[in-house]
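What you see below is based on every heavy atom in this structure, not just the backbone, and it leaves out hydrogens, waters and symmetry mates.
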Amino acid sequence: MGLSAAHKIIKKHLLKGKMIAGQEIAIKIDRTLTQDSTGTMAYLQFEALGIDRVKTKRSVAYIDHNILQSGPENADDHLYIQTVAKKHGIYFSRPGNGICHQVNLERFSVPGDTLLGSDSHTPTGGGIGMLAIGAGGLDVAVAMGGGEYYINMPKIVKVNLTGKLGPWVTAKDIILEMLRRLTVKGGVGKIFEYTGEGVNTLSVPERATITNMGAELGATTSLFPSDDVVCEFLKAQGREGDFSYIKPDADAVYDEEMEINLSELEPMVACPHSPDKVVPVSELKDVKVNQVCIGSCTNSSYVDMMKVAHILEGKTVNENVSLTISPGSKQVLNMISENGGLASMVGAGARILESACGPCIGMGQSPATDAVSLRTFNRNFEGRSGTKSAMIYLVSPEIAAASALKGYIADPREIGDSIEIKMPDKFLIKDNMIVAPSETGNDIKVVRGPNIKPFPKAKPCENTVPGVVLTKVGDNITTDHIMPSNAKLLPYRSNIPHLAEYCLTPCDEYFPKKAKENGGGFIVAGINYGQGSSREHAALAPLYLGVKAVLAKSFARIHMANLINNGIMALVFADESDYEKIDPLDKLVIENALEQIKNDTVVVKNESKDEEYKMIFNVTQRQRDMIKFGGLLNMMKQNTK
Ligand code: MIC
Ligand code: SF4
């Protein structure tokens with residue numbers, strides 16, 4: 001029986017379990033990445049493991065999220081990450097060097113290797129044929145220490161790409177089409193593997209746009225083959241030595257199959273406030289635009305930037321639009337500044353931002369009240385831009401640039417012949433912003449600013465778990481709701497007591513207050529609870545506030561793992577209609593918890609209503625132990641006793 005490319009990589013890295021969809025497997029992790037907003041916590045956890053040097057082939061710490069320095073906090077965290085990295089054998093990508101996923105693709109990606117990153121868009125690396133997975137900081141810390149990574153074996157879905165993209169139709173439109181068809185929960189428990197003749201027509205950065213935004217499907221990851229296109233890309237990056245072919249067998253067997261005919265696609269837009277609210281751009285033509293932001297790990301490659309430069313060349317941004325551009329990396333910025341692309345952008349009136357995440361995570365450039373903002377980014381959750389009333393639309397760089405000139409959402413097919421930008425034969429290679437670790441680390445003192453507070457640790461499970469329902473939320477609650485991130489809060493990613501004051505406040509202003517008054521309790525939620533980012537803070541803040549369990553109709557993968565890693569039970573309604581029966585402040589109790597967590601179902605009693613709810617607790621033995629001992633760190637200590 002032939003193997004898919006995903007099966008081949010997993011097989012090579014399999015340490016425990018069998019490649020049967022749904023069963024737990026452990027895989028060896030070759031490489032890790034962290035960024036600064038999850039990195040401080042990941043390195044604090046790494047330090048707590050007491051391991052001297054990382055055991056991966058290569059681990060890299062990036063600084064790209066927390067780049068506004070309006071007080072000492074972010075700079076303090078950067079210094080902590082820089083010194084902790086140098087000490088423990090981790091490469092350090094300095095602020096200004098670019099967005100982790102873009103730099104990683106350019107300088108560190110290796111086809112056929114595994115990559116675990118403390119950022120949900122780590123699957124960007126799938127564009128070059130890596131098995132690249134996003135996870136919570138603690139899982140990444142364990143992987144840095146040489147520990148295996150546990151997941152349930154995903155279903156492998158073959159996405160057969162036929163045909164060829166038409167003029168002005170882009171890779172962004174392919175992934176938006178996937179989101180239109182499958183929705184933000186359509187990829188849970190799946191790896192999307194792209195195959196077919198259409199694959200040959202896509203460059204590595206185009207493939208990376210697709211695998212990057214596969215995160216929005218809730219997928220474990222997405223993967224393209226490593227073929228001649230990848231070989232050319234790596235050669236142009238001066239890294240041909242890292243190349244190897246990774247292709248599915250001709251008779252590869254997949255769990256599911258689907259097909260997209262690229263020739264039939266149109267330019268698309270994801271409307272507010274979810275990446276799956278996708279419509280063709282032709283349906284939105286007269287929407288007036290106030291802001292356009294180009295960049296992010298989804299669309300900030302050299303070719304993306306050059307297309308934008310050509311559209312803007314010799315023109316002026318509409319007087320009612322503010323256009324920002326953040327090139328994805330120093331390599332990209334350096335190249336467009338040398339070939340004149342940057343001059344075209346500046347000449348047209350673009351506001352050039354640092355090569356970093358910037359507006360994508362609300363780090364500046366929040367739009368005006370009720371403004372319409374078009375972004376080439378991957379997420380448009382309500383409030384994520386820093387302006388709750390803003391309407392964020394997700395688009396390709398081509399739609400973004402055309403709309404910035406016109407002042408309303410524009411179909412780029414109307415502005416003339418499409419632009420062909422050739423992939424460079426040679427990228428500009430200058431790794432002078434990547435700092436190598438010290439040989440032994442003995443001489444390095446880790447610098448800890450006053451903002452770095454100890455992180456909360458879970459306690460072993462008690463036999464009776466009582467508590468009130470602190471809040472009841474709806475479907476598709478994102479980690480941006482659970483632990484909001486913006487320019488004001490991101491500086492406190494290493495200060496959970498401070499962050500906890502904002503936990504779940506976009507849904508329920510009084511959540512932290514209620515949690516404190518009641519000594520913790522339960523959260524009740526709808527479908528796909530915790531979608532979006534990998535931020536472990538969405539589990540650590542509830543842990544700090546005493547949350548013992550989340551009762552949901554279903555969970556997003558990374559968030560569920562983060563909850564359990566931190567000793568919080570993630571329970572799924574066996575009968576979804578029970579969700580309706582529970583009210584905020586109802587008194588719940590899990591009796592005989594230590595016995596119950598051994599089983600696939602847990603009974604939760606509602607003492608206020610005199611009812612019982614059957615909850616599914618379909619987790620692995622290892623995760624049961626985590627709940628029993630109070631999280632992954634405690635479980636590891638227990639196992640080494
Ligand atoms: C995001 O895009 O939401 C982030 C900010 O990159 C997060 C990480 C974080 O919250 O720090 C992610 O995608 O995991
Ligand atoms: Fe940064 Fe945005 Fe990418 Fe997250 S999605 S890594 S915030 S650019």
Here the gap from R181 atom CZ to L176 atom CG, rounded to the nearest 0.5 Å, amounts to 12.5 Å

Is the backbone of H7 close enough, under 3.5 Å, to the side chain of S4 for a donor and an acceptor to pair up by distance?
yes

Show the numbers, then the answer: is there a ring pair (Phe, Tyr, Trp, His ring centres under 6.0 Å) between F427 and F233?
CA-CA 9 Å; F427 286 94; F233 178 82; 5.6 Å; yes

Any donor and acceptor pair, going by atom type alone, linking the side chain of R107 with main-chain N or O of Q102 inside 3.5 Å?
no

Between T38 (side chain only) and S118 (backbone N and O only), is there a donor and an acceptor less than 3.5 Å apart?
yes

Might you confirm whether atom NE2 of H273 has over 12 heavy atoms from other residues, nucleotides or ligands at distances under 6.0 Å?
yes

For C360, is there any backbone N or O sitting under 3.5 Å from a side-chain donor or acceptor partner on R384?
yes

CD1 on I392 to CZ on F381, rounded to 0.5 Å
12.5 Å

Whether E398 and K172 form a salt bridge (side-chain N of Lys/Arg under 4.0 Å from carboxylate O of Asp/Glu) is what I want to check.
no

Looking at R413 and E266, is any side-chain nitrogen of the basic one under 4.0 Å from a carboxylate oxygen of the acidic one?
yes

Minimal heavy-atom distance between L165 and L262, with the atoms involved, is N-CB, 3.7 Å

Heavy-atom donor-acceptor pair, E216 side chain to V184 backbone, under 3.5 Å
no

Which one of T122, T124, V110, T221 satisfies the side chain to side chain contact (heavy atoms under 4.5 Å, CB included) criterion with L115?
T122

Among D119, D36, N104, whose side chain to side chain donor-acceptor pair (under 3.5 Å) with Y62 holds?
N104

If you look at every heavy atom in F243 and D227, which pair is closest and at what distance?
CE1-O, 3.3 Å

Hey, is the main chain of I527 close enough, under 3.5 Å, to the side chain of D475 for a donor-acceptor pair?
yes

About how many Å separate CD of Q291 and CE of M391, when rounded to the nearest 0.5 Å?
14.5 Å

Say you draw a straight line from CD1 of I399 to CG of L374; how long is it, rounded to the nearest 0.5 Å?
7.5 Å

Short side-chain to backbone donor-acceptor contact, R239 and E106, under 3.5 Å
yes

Check this for me: does any side-chain nitrogen of one of K190 and E256 sit under 4.0 Å from a carboxylate oxygen of the other?
yes

Evaluate I419 against I311 for side-chain contact (heavy atoms from CB on, under 4.5 Å), listing each step before the verdict.
CA-CA 8 Å; I419 299 158; I311 297 171; 3.4 Å; yes

Show the nearest heavy-atom pair for residues T505 and P484, with the distance to one decimal.
OG1-CG, 4.4 Å

Passing candidate, side chain to side chain donor-acceptor pair (under 3.5 Å) with N378, options T209, N299, T298
T298

Determine yes or no for a side-chain-to-main-chain donor-acceptor pair under 3.5 angstrom, with S263 supplying the side chain and K164 the backbone.
yes

H559 side chain to A556 main-chain N or O, any donor-acceptor pair under 3.5 Å?
no

For Y579, is the NZ or CZ atom of K553 found under 6.0 angstrom from the centre of its six-membered ring and inside 45 degrees of the ring axis?
yes

Whether K8 side chain and K247 backbone form a donor-acceptor pair below 3.5 Å
yes

Can you see which heavy atom on A371 is nearest to which on P367, and at what distance?
CB-CB, 3.8 Å

Might you point out which heavy atoms bring P397 and V308 nearest each other, and give the distance in Å?
CB-CG2, 3.7 Å

Parallel, tilted or perpendicular for F555 and Y529, by the 30°/60° rule?
perpendicular

Nearest heavy-atom approach of T479 to G532 is OG1-C, 4.0 Å

